[in-house]
Amino acid sequence: MNLHNTLEKHVKDAVKSLFQAELKSVEFQATRKEFAGDITVVVFPMLRIVKGNPAVIGERIGQYLQEHVDLVKGFNVVKGFLNIEIDDSYYINFFKNICQIENYGFAEAKDNKAIMVEYSSPNTNKPLHLGHVRNVLLGYSVSEILKASGKNVYKTQIINDRGIHICKSMLAWQRFGNNETPESTGLKGDKLVGNYYVEFDKAYKKEVNDLVANGASEEDAKKNAPILLEAQEMLRQWESGDENVVALWHKMNGWVYKGFEATYQNIGVDFDKYYYESQTYLLGKEFVDEGLKTGVFEKDPDGSVWCDLTDEGLDRKIVLRSDGTAVYMTQDIGTAIQRIKDYPDVGGMVYTVGNEQDYHFKVLFLILKKLGFEWAKNLYHLSYGMVDLPSGKMKSREGTVVDADDLIKEMAETAEEISKELGKLEDYSETEKKELYKTIGLGALKYYILKVDPKKRILFDPKESIDFQGNTGPFIQYTYARIQSILRKSEHLIGENSTADNIDLHEKERQLIKQLELFPEVIQNAAEQHSPALIANYTYDLVKDFNSFYQNVSILGAENKNEQSFRVALSKSVGQTIKNAFSVLGIDVPERM
RNA sequence: GGUGGCAUAGCUCAGCUGGAUAGAGCACCUGCCUUCUAAGCAGGCGGUCCUAGGUUCGAAUCCUAGUGCCAUCACCA
């Protein structure tokens, strides 16, 4: 029973005994700093049931609580706000209960239905960029948050491995590549393939210009440029299973997968299962047939198949082209069904995809419902805002994309520069240093992206480097390192039982315990709202409180052993909570920095 | 044009289901390293919470209308 519930019961009792009225609920909020007290009861909402002057009502309830509840040490009423002072023993007790729990904040897994979280979902024709980075960080973090909230989670992606885009790279490589390979060039596979995507575009543009110069219309030229026709032909050959094309496709996609894996590892994210579009679109087609039989879909005279969603206030949506080939929607229907077949324990799915596809997912979920799948009501589109540059959208063909690998490297370099200036790590080996720079650089990047509400767009200015001070990853990592330093210096105290019973809590200590108390609730909240930002902001508040404590109260220099070991234990708990919170954000914490 | 999202300090962002005088960081200005790591702490400056109405004891938060930016409305993905 937490403080909130306990007090709610007592306030209800108070109102019943004083005013003979039944409250349905009591509204609490944290007491503002400028007033004495720890928790505040808002009296106004009671006025509907209890008539009278709010100040007087507050006063009488306060009086009652002080007399009947041991926890309540004192109270004051300001306007309609009843500020309650809680006895230190409550906080000390609470702290004693949690200070040994390593995975504090994390709920036991009890839900036997699992959730599948999809993220990343790249095309295989170019390397990952900053946009993917946001996607991957969000998806990974939300997965970890869901786990921490007590759910079973499978992390997955859908790899867009077929289609005209990869054929363009294949064709350009065939034509201009001189049998280059990642091995022969030393390039990452995804970078190599991406280069040929750019090569294709160059050649295509040149052909279009030539055609226009020879009198063709712009529109015709764009449609009939020979290299484009050839790429389209290659796609048809792929679909008909042409051996050479398929072999080339395997080879180049293989290069890309290896490159992606390196980037994922670099970022520090992983997946439990991979899905490939080339393997799921056929299942989608089957279910289009199924839906035709049951009347969920309808066929137009030209043979195209549609789903009529006008009853839902939406349009008609195509699910199969007139030539019988699959569209995006077909594939997504197939993929969803395949996943449930593979993992029957999955009861819902989260799709981490940019908000430009809000409409698509609205439709997809509706269609799956219409097809009668029980789990369709538990689908969630984790829709996030675009990452824009000052110049606007990132365009791979215009070379304005921020490459994921480059970005991570630059962040580590910045961390290195700052670290060298501060010069606290002289005794570290080169490997240890490098590892630390990466931890800090990645911490800065991940925190920078995750602290923002997912649905808001992010403006990223490559010229202005990401901060390492203030509300940032490194600030929080730094605080963790400080705490570890204290723990190293007080190892002899850790084992000792701090009785902590006769301690008068310092205001900063009480504040810290209150903040620690919130953590489990924050995890649950973040899981419900699919928002790592809530975790980031919570952690920042905790760390600010700790630093204030650290700089105003001497930990190792406490007046007596009892207080000293209490403060060390409190620091340790804060450190553990930082570590736990950051682990669900996918951010590592350093022992020193 | 229809639909959806966003709009809070010079900049980047918090603000939970409506609650007290709207909070942080960066930037700018003051102090604080012979004591646990100054990537820090303490303080100052800085706001028509896009606009106009409405609901309410009470609105940055809810409703309506408008403005601005973004996305989307394809036999593209």
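- Judged by Watson-Crick or G-U wobble contacts below 3.5 Å, the nucleotide B:rU72 has B:rG2 as its partner.
- Across all strands shown, the partner of B:rC50 is B:rG66, judged by Watson-Crick or G-U wobble contacts whose two distances both fall under 3.5 Å.
- If A:K544 and A:P45 are placed on RNA chain B by their nearest nucleotide, the residue sitting closer to the 5' end is A:P45.
- Side-chain atoms of A:Q477 come within 3.5 Å of backbone N or O of A:D588 as a donor-acceptor pair.
- Shown here, B:rU37 forms no base pair; nothing in the strands shown gives a Watson-Crick or G-U wobble contact with both key distances under 3.5 Å.
- Ring-to-base geometry places A:F44 in a stacked arrangement with B:rG19 (centre distance under 5.5 Å, plane angle under 30°).
- By the 5.5 Å and 30° criteria, A:F81 is stacked with the base of B:rA20.
- The base of B:rA20 sits with one of its N or O atoms less than 3.5 Å from a complementary donor or acceptor on the side chain of A:N83.
- Taking atom P in both B:rU21 and B:rG58, one finds a spacing of 14 Å when rounded to whole Å.
- Residue A:T40 places a side-chain atom within donor-acceptor reach of the base of B:rA20, judged by atom type and a 3.5 Å distance cut-off alone.
- Evaluation of A:F35 against the base of B:rA20 yields a stacking contact (centre distance < 5.5 Å, interplanar angle < 30°).
- Between the CG atom of A:L459 and the C1' atom of B:rC69 there is a distance of 12 Å, given to the nearest Å.
- Taking the six-membered ring where the residue is Trp, the centroids of A:F475 and A:Y478 are separated by 6.0 Å or more.
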